[in-house]
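Scroll down for the structure; my scribbles are underneath it.
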Protein chains: 2
Amino acid sequence: MVRNTQQRTAIYQTLMGSGRPLSVTEIFELARNRVKGLGIATVYRSLKILEQEGRIRQVDLPGQSSRWELPGRHHHHFLCRICDKLFEIHACPVDIRKLAPKGYRLEEHDILLHGQCDVCAAPNAGLRQESNPAVLIAGKRRG
Amino acid sequence: MVRNTQQRTAIYQTLMGSGRPLSVTEIFELARNRVKGLGIATVYRSLKILEQEGRIRQVDLPGQSSRWELPGRHHHHFLCRICDKLFEIHACPVDIRKLAPKGYRLEEHDILLHGQCDVCAAPNAGLRQESNPAVLIAGKRRG
DNA sequence: GTAGCTGCAAATTCTTTGCAGTTGT
DNA sequence: ACAACTGCAAAGAATTTGCAGCTAC
């Protein structure tokens, strides 16, 4: 039987309150504000269990560590190369099935858009950058 | 000045002859047939240098190790969940730019199709599976 | 009370780096 | 000749696991 421990609750609530998918490091740092002494191994273990329960979903990104999000209807993602934050895109190209070659069985598809989010693309974004708290806890950028 | 060593030539020719993107492990095992004693560190280093020269390209996949391919015009990929091989898809949805939300600056996009390739989707594919040499050297499957 | 959970530290896995010897130009 | 390169082994980085003590039910 799965238990609702302080740690697991803190991790889940962190995701509930985020509004966007978070990395393990982001979750760890935010949830540690709610449960002091929280260990990173507990975060990894809890995320896996919450996923098995269907309460959260893993988002794999090319060349980066996974992010985690609340389950919802089919969607894709936009990754900002400036602040490294990931956003949900609730739209999907209609003609995606036409892309699979003859004889191939298409079962799923991932689409990841890259660029700059509205905050980072805005004029004077640099001035606002350091006052955006999410940037400070964002996962490590790729080289 | 960059040199054309036996090792680097073997690695490049392995990719030239593959017809599809290969993982580091696939390249290592295939190139070792051409240069005995080849070390895995040399493969990592050579791939990076070949990429800097623009002779090959890194393909990042969600939740998997990178694959490597020859550069070509814009394309996407199809990943077979049975044999774990990656294939190029030379098509692209026309309406992709419409997916970015207002204020977001779209710079690039990745599309990854998942399913079964023509060999694995074919009737009796299981019987043919073990006679497909590419399957035997394919990178590790995800859990 | 006890099975499930936690934090810590050690183990894994993948990739990178230091080093001393080798090789391409 | 000598800087670039190689194999090996050790170091890093991200994630997982073993274990002894803790806690939700």
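Within every chain, numbering begins at 1; the chains are lettered A, B, ... in the order of the sequence lines, protein sequences first and strands thereafter.
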query = Quick one: the side chain of A/Arg45 and the base of C/dG7, do they pair up donor-acceptor inside 3.5 Å?
reply = yes

message = Rounding to an integer number of Å, can you tell me how far A/Leu38 CG sits from C/dT6 P?
response = 8 Å

query = Does D/dA4 have OP1 or OP2 sitting under 4.0 Å from an N or O in the side chain of B/Arg8?
reply = no

ask   = Which sits closer to the 5' end of DNA chain C, B/Gln7 or A/Thr5, going by the nucleotide each is nearest to?
value = A/Thr5

ask   = Quick one: does B/Leu79's side chain get under 4.5 Å of B/Asp84's, heavy atoms only?
value = yes

ask   = For A/Ile49 and C/dG4, what is the distance between atoms CD1 and C1' respectively, to the nearest whole Å?
value = 8 Å

inquiry  = Less than 4.5 Å apart, side chain to side chain, heavy atoms only: is that true for B/His75 and B/Glu69?
reply    = yes

message = By the 4.0 Å heavy-atom rule, please label B/Lys48 as base, sugar-phosphate, or nothing.
response = sugar-phosphate

query = When you match B/Ser65 and A/Ala41 each to their closest nucleotide on DNA chain C, which lands nearer the 5' end?
reply = A/Ala41

request  = Measure from CZ on A/Arg32 to P on C/dT6 and round the result to the nearest Å.
outcome  = 16 Å

task = May I ask you to say what B/Ile40 touches in the nucleic acid, namely base, sugar-phosphate or nothing, with a heavy-atom cut-off under 4.0 Å?
result = nothing

key: Electrostatic pair B/Glu26:B/Arg20 at N-O distance under 4.0 angstrom   = yes

message = Nearest heavy atom decides the nucleotide; on that basis, is B/Arg3 or B/Gln6 closer to the 5' end of DNA chain D?
response = B/Arg3

task = Between C/dG7, C/dT16, D/dC5, spot the one nearest the side chain of B/Tyr44, thanks.
result = C/dT16

query = Within the structure shown, what part of the strands sits under 4.0 Å from A/Val24 by heavy-atom distance: base, sugar-phosphate, or nothing?
reply = nothing

ask   = Among A/Asn33, A/Val43, A/Leu22, A/Thr9, which one satisfies side chain to side chain contact (heavy atoms under 4.5 Å, CB included) with A/Thr14?
value = A/Leu22

